[in-house]
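Let me begin by presenting the structure, written as C-alpha cells, before commenting on it.
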Amino acid sequence: MQNNNNMNLLGFKDVIFDSFDEDNDFVYVHASVEKMDTCPHCGSKRIWVHDHRIQKIKDTHIHGKKCLIHLKKTRYDCKSCGCRFERELDFIAKGYTMTNRLVFSIVAEFYEVYSISSIAKRYNVSSNTVLRILNCLSVSRARLSEVLCIDEFKGDSGNIKYQTSLLNGSKHSIIDILPTRDKNFLFSYFKSVPSKERQSVKFFVSDMSNTFKSVKNRFFKTSIHIVDRYHFIRQVSWALENVRKRIQKDISSKLRKYFKKSRSLLTKPASKLSSEQAKEVSLMLDLNNDLKLAYRLKELFYQYVLTQPNRVRATKSLREWIKRAEESNLKEFKACITAFNNWFDEICNSFDYSWSNGPLEGTHTKIKTLKRNCFGMKNFNLFRKRIMFACK
C-alpha cells in the first residue's frame, strides 16, 4: 500500500515503487513496471518473460533537486501469436526518455525570455532536446483586430536584418511575426488573409514608412491610417539637431564640446527645463540666429501643434507651422516639411484617436531581451515561435 501511495503521489500508473535515494543534486527513484498476465495483441495468457532492462527517465524537480527515475521494464514473448511486447506507460513522453510533465514544464519555459541552453541546463536535458520539443509545437497567427499596429524590428534572423511585427492594438497581443519588411512579401501575406477579416480593421497604426502606407492603401482602404506620434515629433527634433551640428562646426573646440554635451537641453520642451537649464539654453541660442530660429520652431510645434484637442484644430495649426518653417529658409527643415506634407492626413488623424505603436515598441523591447539572452537566433521559424510564446 505504501508503494502504491508513493507512485500515486508521483502520478504514475502501472508502476511499483521500490526505493529512492538522493545526493546533493539528484533524487533517484527506483521503480519497476507491474507484471502482465495476457498478450495485448491476442489476449493469450501463454506469455513468457523475454528480458529485463532498466531505463533512466528524467522527471521534474523534487525538493528543488533534479529527479532521475530508474525504471525496471520487462519485455514478454507470446507463444500464441509470436509477438514481443512490453507494458505501455502513458506518463512517458513518446520518443523521449522523460515524463510528459517534464515536457510540459519545458514548454512552459517558452513563455519566458530564457535561452534554449539555460532551459536545458535547468531541466537536465540537452539543448537539442529542447529544440526538438520547440520544433514539435505549432503557432498560428491570430485574427486581425479592429486596431492593427504594424512595425519593423531588427531581428537578424533567417539571413534578413529586419522583421515585421503585427499587434492587436486594443488587447496588446501579438498577431504574427513576419520574416521580412519587403513590400512584395507583405502584399503576398495580406493577400492570403480573407477579405472579410481585412475589412474588420478600422484603425491602421504605423510609422512613416512608405511600404506600410502602400499596404494600407492596397488592403485596408476603409480603415483610418494613424501615424504614431513619436515618429512625426522626431522629425522636428532631427531638424533642430541638424542645425545644431551645422552651427557647432564653426565654433571653438571648447564650445563645440559644450554644445554636444548639452544637446538634450535643446530638444527638451522649454516648459520642462529648470531655471539653470533655461539659462544654459539661452546662452547657446544667443550664439547663432539660425539655432535660435530652429529652437523657436521646435517650441512652436510643441506648444501650438501638439496641444490641439482634435483633428480640425490640429489641421489648421499644422498648416500654419509648415508655412512658418518654409519661411525660415532653414535647409535642415526641408525634409521635415516634406514628410509632414506627404503624411498630413495620417498625422492629423492621431489627434482624434489615441491609438499608437507604444505597446508594440514595448513588445519589441521584450523581443530584444529574448534575442540578447539567446545570443541571436538564426532560424526564423524557431525565433518566431519563441516570440509568439513569450509575447502572448
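Predicted model, so just to flag it, every value in this text is computed and none were measured. Counting begins at 1 with the first residue of the sequence. Basis for what follows: all heavy atoms, side chains included, without hydrogens, waters or symmetry-related copies.
Scanning for side-chain hydrogen bond (donor to acceptor under 3.5 Å, both in side chains) contacts around N349 gives R311, with sequence neighbours left out. Looking at residues two or more places apart in sequence or on another chain, you find a side chain to side chain contact (heavy atoms under 4.5 Å, CB included) between T97 and Q55. For Q303, the side-chain hydrogen bond (donor to acceptor under 3.5 Å, both in side chains) criterion is met by E299, not counting sequence neighbours. Under the ring-ring contact (aromatic ring centres under 6.0 Å, His included) criterion, Y123 pairs with H61, sequence neighbours left out. Residues forming a ring-ring contact (aromatic ring centres under 6.0 Å, His included) with F190 (at least two apart in sequence, or on another chain): F220. Under the salt bridge (Lys or Arg N to Asp or Glu O under 4.0 Å) criterion, D182 pairs with no residue, sequence neighbours left out. Looking at residues two or more places apart in sequence or on another chain, you find a side chain to side chain contact (heavy atoms under 4.5 Å, CB included) between S157 and Q163, F380, F383. Residues passing the salt bridge (Lys or Arg N to Asp or Glu O under 4.0 Å) test with R141 are E197, sequence neighbours excluded.
Salt-bridge formation is detected for the pair K292/D286: a Lys NZ or Arg NE/NH1/NH2 atom is positioned less than 4.0 Å from an Asp or Glu carboxylate oxygen.
The only member of N124, I57, D59 that meets side-chain contact (heavy atoms from CB on, under 4.5 Å) when paired with C67 is D59.
Annotation: salt bridge (Lys or Arg N to Asp or Glu O under 4.0 Å) contacts involving residues 369-383, sequence neighbours excluded, comprise D156-K371. Screening residues 152-180 for ring pair (Phe, Tyr, Trp, His ring centres under 6.0 Å), with sequence neighbours left out, gives F153-H364. Counting only residues at least two apart or on different chains, the ring pair (Phe, Tyr, Trp, His ring centres under 6.0 Å) pairs with a member in residues 74-117 are F12-F91, Y76-F85, Y111-F389.
The aromatic rings of F333 and W321 sit tilted relative to each other, their planes meeting at an angle between 30° and 60°. Using the six-membered ring where Trp is involved, Y28 and H70 have ring planes that are tilted, between 30° and 60° apart.
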Would you list the atom pairs, donor with acceptor, under 3.5 Å between side chains in residues 232-242 and any protein atom, with sequence neighbours excluded?
residue, atom, partner, partner atom, Å
E241, OE1, R244, NH2, 3.0
E241, OE2, R244, NE, 2.8
N242, ND2, W238, O, 3.2

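Cation-pi check for K202 over W355 is not met; the charged atom does not lie both under 6.0 angstrom from the ring centroid and within 45 degrees of its normal.
Defined by atom type and a distance below 3.5 Å, a donor-acceptor pair is present between the side-chain atoms of E320 and Y304.
Side-chain contact check for I175 versus L167: every heavy-atom pair is 4.5 Å or farther apart.
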